[in-house]
2 protein chains.
Amino acid sequence: MELREQLGERGYRMTKPRQAILDVLRATCCHPDANWVYDEVRKTIPHISLATVYRTLDVLAQAGLVRQFHCHGGQARYDDASQPHYHVVCQRCGQVADVPMPSQAALEAEAARSTSYAIAGHHIEFYGLCQACRERDPASPAGRPEQEIARESL
Amino acid sequence: MELREQLGERGYRMTKPRQAILDVLRATCCHPDANWVYDEVRKTIPHISLATVYRTLDVLAQAGLVRQFHCHGGQARYDDASQPHYHVVCQRCGQVADVPMPSQAALEAEAARSTSYAIAGHHIEFYGLCQACRERDPASPAGRPEQEIARESL
DNA sequence: TTACTTGCAAATGATTTGCTCTAAA
DNA sequence: TTTAGAGCAAATCATTTGCAAGTAA
């Protein structure tokens with residue numbers, strides 16, 4: 001099994017919560033926070049604890065199976081990292097979507113030239129307005145980011 | 001005065017803490033968190049409160065004078081946004097450096113084509129190892145990110 | 001004079017940790 | 001068996017907020 005191997009390489013054990021949490025992340029197209037994952041996983045493992053969810057997300061991130069990121073201000077969000085991709089964040093409602101677009105690996109060489117770092121990778125985050133927000137209020141193309149992210153947008 | 005105008009446009013007033021905090025951010029090459037800014041500003045305004053620092057950083061970010069961002073896991077960090085630039089983060093010590101490199105505005109058009117968002121901008125974050133970390137331990141080119149960020153690295 | 005701002009202290013809320021018990025390997 | 005992992009509850013810690021007093025405009 002793929003997951004078991006990936007974890008095994010790093011000395012991590014394969015457990016039910018780990019499998020379940022990765023399944024949840026792979027099954028969703030949204031970019032959830034730890035609480036959303038917690039709610040979701042409890043449908044499978046009702047007695048799981050939130051601490052386990054945090055610890056597991058961390059382990060999965062260490063193993064490179066999951067990516068953790070932050071949008072404007074809020075909590076950590078997570079998504080399946082099985083194939084590299086970029087993100088767009090809506091400045092008004094906070095909704096995150098994947099951007100299907102080839103990896104811009106050439107940028108790394110350029111960045112390497114202008115710094116003293118050994119570059120290992122990069123992330124790109126676009127921001128703007130999602131379709132729903134544009135329709136809701138076509139004016140103010142780049143208004144202030146909303147403080148709260150709608151629950152449904154996760 | 002430039003700052004006064006930029007704030008005024010948004011209905012914000014020009015105050016001593018706002019000027020002082022922007023000065024601190026413009027004078028430093030590091031990418032500090034709120035607490036570091038707080039310590040720094042108290043040299044000028046000893047009785048300023050941490051809440052004011054947070055509120056001010058938020059106002060300056062709204063006005064587009066400052067950019068807020070998060071590196072792996074930690075608190076929010078801030079930097080002067082007067083000219084656009086990218087960042088590199090050291091995966092081991094968390095140190096952040098600016099990447100002097102032309103803006104890749106062309107990417108936005110490409111992203112716009114493949115999503116339903118109206119793209120307003122983008123950020124790129126590179127990650128890798130800083131020179132100091134590479135010299136300290138040339139092996140493990142992409143080891144696990146450190147949990148704690150050295151105080152001096154801010 | 002009229003709000004916008006600040007300081008202070010208390011409140012939040014996300015994330016982490018200590019400890020004991022359970023279960024992979 | 002041996003030792004990492006899970007659950008639970010308590011602890012942290014960054015960030016926010018309520019409110020009375022200060023001050024730009």
Side-chain angles (χ1 to χ4, degrees), chain A residues 1 3-22 32-39 41-42 44-63 68-78 94 145-149 151 154, chain B residues 1 3-22 32-39 41-42 44-63 68-78 94 145-149 151 154:
Chain A
M1 173 175 284
L3 173 55
R4 169 169 267 118
E5 287 161 11
Q6 302 238 40
L7 291 176
E9 276 173 20
R10 307 239 172 184
Y12 295 125
R13 291 180 184 173
M14 167 58 187
T15 67
K16 209 168 134 188
R18 287 175 183 175
Q19 180 66 261
I21 287 173
L22 189 63
D33 60 19
N35 244 300
W36 190 95
V37 173
Y38 175 54
D39 288 340
V41 183
R42 269 191 301 176
T44 310
I45 310 177
H47 57 291
I48 197 173
S49 93
L50 182 55
T52 298
V53 172
Y54 273 105
R55 280 188 280 229
T56 300
L57 287 169
D58 195 49
V59 164
L60 294 175
Q62 304 281 5
Q68 185 197 63
F69 61 99
H70 291 259
C71 315
H72 50 261
Q75 337 78 295
R77 297 218 196 165
Y78 302 85
E146 281 286 300
Q147 289 318 312
E148 52 240 291
I149 294 172
R151 192 85 196 122
L154 280 180
Chain B
M1 174 175 286
L3 173 56
R4 169 169 268 118
E5 287 161 10
Q6 302 238 40
L7 291 176
E9 276 173 21
R10 307 239 171 183
Y12 295 123
R13 292 180 182 172
M14 167 56 186
T15 67
K16 209 169 136 190
R18 287 175 183 174
Q19 180 65 260
I21 287 173
L22 189 62
D33 59 19
N35 243 298
W36 189 96
V37 174
Y38 175 54
D39 287 341
V41 183
R42 268 190 302 176
T44 311
I45 310 176
H47 58 291
I48 197 172
S49 94
L50 183 54
T52 298
V53 172
Y54 274 105
R55 280 188 283 229
T56 300
L57 287 169
D58 195 49
V59 164
L60 294 175
Q62 305 280 6
Q68 186 197 64
F69 62 100
H70 291 259
C71 315
H72 51 262
Q75 336 79 296
R77 297 218 196 164
Y78 303 84
E146 282 286 300
Q147 289 318 311
E148 52 240 292
I149 295 172
R151 192 87 198 122
L154 280 179

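Residue numbers begin at 1 in each chain, while the letters A, B, ... track the order of the sequences.
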Round to the nearest Å and state the distance from [X] atom [atom1] to [N] atom [atom2].
| X | N | atom1 | atom2 | result |
| --- | --- | --- | --- | --- |
| B:Leu7 | D:dA24 | CG | P | 14 Å |
| A:Tyr54 | D:dG7 | OH | C1' | 16 Å |
| B:Tyr38 | C:dT6 | OH | P | 14 Å |
| B:Met14 | C:dC4 | CE | P | 18 Å |
| B:Ile48 | D:dG22 | CD1 | P | 17 Å |
| B:Tyr12 | D:dA25 | OH | P | 15 Å |
| B:Asn35 | D:dT12 | CG | C1' | 14 Å |
| A:Lys16 | C:dT22 | NZ | P | 15 Å |

Is any side-chain N or O of [X] closer than 4.0 Å to OP1 or OP2 of [N]?
| X | N | result |
| --- | --- | --- |
| A:Arg13 | D:dT3 | no |
| B:Thr15 | D:dT23 | no |
| A:Thr52 | D:dG7 | yes |
| A:Arg55 | D:dG7 | no |
| B:Arg4 | D:dA25 | yes |

Discussion item. Has B:Arg42 got a side-chain atom pairing as donor or acceptor with B:Ile48's backbone, closer than 3.5 angstrom?
Written reply: no
Practice prompt. Would you confirm whether B:Arg13, through its side chain, and B:Gly8, through its main-chain N or O, come within 3.5 Å as a donor-acceptor pair?
Written response: no
Worksheet item: Do B:Ile45 and B:His47 touch side chain to side chain, with heavy atoms closer than 4.5 Å?
Response: yes
Fill in: Qualifying residue, where the test is side chain to side chain contact (heavy atoms under 4.5 Å, CB included) with A:Tyr12 and the options are A:Leu3, A:Thr56, A:Val59, A:Leu60
A:Val59
Discussion item. Set out, in order, the CA-CA distance, both residues' side-chain angles and the distance that settles side chain to side chain contact (heavy atoms under 4.5 Å, CB included) for A:Gln68 and A:Arg77, then state yes or no.
Written reply: CA-CA 6 Å; A:Gln68 185 197 63; A:Arg77 297 218 196 165; over 6 Å; no
Worksheet item: 5'-most contact on DNA chain C: A:Ala76 or B:Ser49, nearest heavy atom basis?
Response: B:Ser49
Discussion item. Can you identify which nucleotide, out of D:dT15, D:dA25, D:dA6, has its nearest atom closest to the A:Thr56 side chain?
Written reply: D:dA6
